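FYI, side chains are in, hydrogens and waters are out, and symmetry mates aren't considered; it's all heavy atoms of this structure. Note that the coordinates shown come from a computational prediction; the quantities given were computed from them, not determined experimentally.
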Amino acid sequence: MSRQSRGLRLITLLISVFCTLWLIIGGGWLLSLGGSAYYLISGIAMAVFTVLLLKKRSCAFYLYALILLATAIWSYYEAGLDFWALAPRLDIWVLFGIWMILPFVYRQLAAPNKKSTALMVIAIVINLAMVVTAFFGKDPQSVYGTLNLQNSGVEQPGANMPAANWEAYGRTQAGDRYSPLSQINDTNVKNLQVAWVYQSGDLKRADDPGEITNEATPLKVGNLLYTCTAHQILVAIDAATGKEKWRFDPKIKYNPTFQHMTCRGVAYHEIQPAVAPGNAPVAPAMCSRRIYLPVNDGRLIAVDAESGQLCKDFGNNGTLDLQHQQPNAYPGGYEPTSPPVITNNVIVVAGAVTDNYSTREPSGVIRGFDVNTGKLVWAFDPGAKDPNAIPADGQHYTPNSPNSWAPAAYDAKLDLVYLPMGVTTPDIWGGDRTPDQERYASGILALHASTGKEAWFYQTVHHDLWDMDIPAQPSLANITDKDGKTIPVIYVPTKVGNIFVLNRETGQLVVPATERPVPQGPAKGDHLSPTQPFSDLTFRPEAKLTGKQMWGGTMFDQMVCRIMFHRLRYEGTFTPPSEQGTLVFPGNLGMFEWGGISVNGQDQFAIANPMQLPFVSKLIPRGPNNPEEPGEGAAGGSGSEAGLQHMYGVPYGVELSAFLSPLGLPCMEPSWGFVSAIDLKTNKIVWKKRIGTIRDSGGPIPLPPMTVGTPMLGAPITTAGNVFFIAATLDNYIRAYSVRDGKLLWQARLPAGGQATPMTYEVNGKQYLVIVAGGHGSFGTKLGDYIVAYKLP
């Protein structure tokens, strides 16, 4: 036997021995935990195969063919014809089988036997046929249907905004993310081309925290776009050419302990012009049109929309100090990351408070300031006995009050502002929370915008120990019920995947949400709610995760994921945090995030982009690696929302992480992200499709750019052209889909990650589509400083 022949034989035997040992050891461990017996049985079969191979018996090939056929049957039983679920179950087996029947390899392994080779070929073909059928067949995770588009004729909130503009974060302050423009439509969107590209020059700095993001949705008023960069530099851009007109740098004061370096957008307000005697209009004064810029170091700045100069009659020379009367004020402890709500009289401002660091954090107080002067008009402190009490000089708001970090919505006719509420921090421990801290946590809060008085509150998670705050701007619409009555509703997307639908006037449920029993058994010293509300309109999987749904790039890491799954505590949604380690599904990232959904109230449908990615939450008792107090010189904050979160002041810290395989791939099988349409007349999901590839993920196993369904950060927008646009995915694309059936109509490569919500507007008779492409630090997408605009030729 030649050296080459011996080498081929040795390689084959080594692969066989590796597979045998991995499957027997890992399969035995998995079986002892109550998991599938398949891996141990296949490992034993591989051990016999290896012995036969050593003896050069041709019957080894018969045995391997039987292993392949049995694996095909088992895979179909567990995964059906789902391509991405089948792939890791079959890939290694098929590749090793192909290797062994290569003539130059086969001759070195056993005496030639045409029958055994033929059986091997048949088994390989059966396995490949399953995979090919799954790839070209209907996706079992998708929902196929067609929206029936019919104009309701019902006037919608925000309908008075000029169609050519996009004047608020969600286009209108109703948070609908719907544009009445139709020049770009489902028949011509395929012809979109780049109109211009803008680069701000604001890139990641050496002392930035890990989560530096470009989540902004620009505003368009008149002929200008207004947006903020990651470091909150405000820029005004010509809407037709992409040329910068002016910029304002607030010179943010920050350090790496900030949990976020984020600006989701700015707010616009036009002061009503004065009228001279005889109704003659008065020329607009300086700062009659203003941009309000939230800054992560705890400031709100008013800037003249025309010149980019400070509005010095607002606050202190144009600046409001939002740290005023804050307890435990430190850099990054309180961060206004979302644009405020603007009424004719009041600016409603809220902000993020550092998650999971300590019990000595700033307040999540919500405040209303005079829109012209910046004078404090009212306060609503969600952790105080009297939420509307304003502290006297020298006093402060309530530490660790629940905060509202996501964008709010506003109904001008009702003068109600709708605030998505978070939970008092530390988020993952609640044993010491007071009733006052629980009262307004993790729910939707409606306040009278002029006074700050409560109108109503609906709680979506009781005694939240999972950081399942409301993460997204709610959306308002006027919907016609089956009796033809118009109902003013609010749609509240949540991390759990429920979309709560309430009468926005009264706070009463429009779509039922029943209280259901949830897992019990909290960590020592804590307690749990026996039930949680579950909306009938939901994207949350009804069935619990099982070992069958564990995934990986190969059968090897898939088996490890199964072992990890069975070692964690998991009894379904709302399984409590534990020292053992709890699988949190839907995970901390949430099925919905800050982007929200797009609602077309005119045609009575919504477009949503839910995602599903399990996380692991493990409580860490106090000890050498998790001390009672921060070390000397600690500045506060961890600079991250993943890894060990110290939660100083409570009995535990917590380790938070995505549930990943040893190769860094999610342990739950795809899809991890969808786009979907909801019929708002029936509150039913009409269609649902995967979105996103892992082409740009840079993972350890390169996979082809096929649609797998990825997590997302950002929202869809819809238009009267029966098309919706979305970026948001892990790959660097912006896409357009038909609202009718979810068919992909167009996609374009972006120069960096598009973790933002697009917007659209019209200028000089042309409709433009714009997306901020700057990437997201903790999401792992490519960072940049781009704004890209598209239009038809």
Side-chain angles (χ1 to χ4, degrees), residues 151-152 154-182 216-222 224-227 239 264-270 272 289-292 305 338-348 371 406-420 444 446 449 472-479 486 488-493 504-505 594-608 680 714-721 724-725 756-762 767-770:
N151 193 306
S152 67
V154 177
E155 184 180 351
Q156 297 299 317
N160 58 343
M161 179 182 291
N165 283 358
W166 189 288
E167 296 183 8
Y169 174 77
R171 185 175 179 272
T172 72
Q173 293 198 109
D176 49 3
R177 277 165 284 282
Y178 165 75
S179 169
L181 297 177
S182 59
T217 300
L219 307 185
K220 187 268 184 180
V221 185
L224 290 179
L225 296 183
Y226 301 97
T227 193
R264 294 189 186 91
V266 297
Y268 170 78
H269 178 65
E270 187 169 343
Q272 297 303 312
R289 296 173 57 241
R290 299 181 176 191
I291 302 296
Y292 295 95
S338 295
V341 160
I342 310 289
T343 79
N344 284 336
N345 303 305
V346 176
I347 308 171
V348 181
V371 74
Y410 176 61
D411 184 326
K413 286 188 176 178
L414 297 176
D415 193 37
L416 291 180
V417 58
Y418 304 95
L419 294 129
I444 189 74
Q473 182 182 38
S475 298
L476 316 182
N478 296 327
I479 300 300
T486 300
V489 296
I490 180 170
Y491 295 92
V492 184
R504 67 177 183 271
E505 208 169 341
W594 44 263
I597 62 176
S598 176
V599 172
N600 181 338
Q602 206 64 54
D603 291 327
Q604 312 268 286
F605 72 86
I607 299 295
L680 300 182
I717 65 167
T718 57
T719 75
F724 74 89
F725 299 96
T757 301
M759 50 87 71
T760 187
Y761 60 87
E762 184 178 275
Q767 183 181 352
Y768 291 74
L769 168 72
V770 165

How many angstroms lie between [atom1] in [X] and [atom2] in [Y], if you round to the nearest 0.5 Å?
X: Leu219; Y: Asn165; atom1: CG; atom2: CG; result: 10.0 Å
X: Glu762; Y: Leu181; atom1: CD; atom2: CG; result: 5.5 Å
X: Gln173; Y: Thr343; atom1: CD; atom2: OG1; result: 8.0 Å
X: Ile717; Y: Asp176; atom1: CD1; atom2: CG; result: 11.0 Å
X: Arg177; Y: Thr760; atom1: CZ; atom2: OG1; result: 15.0 Å

What is the minimum heavy-atom distance between [X] and [Y], and which atoms define it?
X: Ala715; Y: Gly595; answer: CB-O, 3.1 Å
X: Pro340; Y: Ile347; answer: CB-CG2, 3.6 Å
X: Pro420; Y: Ala408; answer: CD-CA, 4.0 Å
X: Ala608; Y: Ile597; answer: CB-CG2, 3.8 Å
X: Arg290; Y: Val371; answer: NH1-O, 3.4 Å
X: Gly596; Y: Pro716; answer: O-CD, 4.0 Å

**Prompt:** Yes or no on side chain to side chain contact (heavy atoms under 4.5 Å, CB included) for Ile490 and Leu476, after CA distance, side-chain angles and deciding distance?
**Reply:** CA-CA 5 Å; Ile490 180 170; Leu476 316 182; 3.6 Å; yes
Measure from the side-chain N and O atoms of [X] to the backbone N and O of [Y], and report whether any donor-acceptor pair falls under 3.5 Å.
X: Gln767; Y: Tyr761; answer: no
X: Lys413; Y: Pro157; answer: no
X: Thr718; Y: Tyr178; answer: no
X: Tyr410; Y: Val348; answer: no
X: Asn600; Y: Phe605; answer: no

**Request:** Tell me yes or no: between the side chains of Asn478 and Gln156, is some donor less than 3.5 Å from an acceptor?
**Result:** no
**Asked** Using 30° and 60° as the class limits, which term best fits the ring planes of Tyr268 and Tyr226: parallel, tilted or perpendicular?
**Response** parallel
Are the side chains of [X] and [Y] in touch, meaning some heavy atoms are under 4.5 Å apart?
X: Met161; Y: Pro180; answer: no
X: Val221; Y: Arg289; answer: yes
X: Phe725; Y: Thr719; answer: yes
X: Glu270; Y: Glu167; answer: no
X: Pro339; Y: Arg264; answer: yes
X: Ile479; Y: Thr486; answer: no
X: Asp411; Y: Tyr418; answer: yes

**Message:** Going by the rule side-chain hydrogen bond (donor to acceptor under 3.5 Å, both in side chains), which residues pair with Ser179 if we only count those two or more places apart in sequence or in a different chain?
**Reply:** none
**Request:** For Thr217, check side chain to side chain contact (heavy atoms under 4.5 Å, CB included) against everything at least two apart and list the hits.
**Result:** Trp166, Tyr169, Thr757, Met759
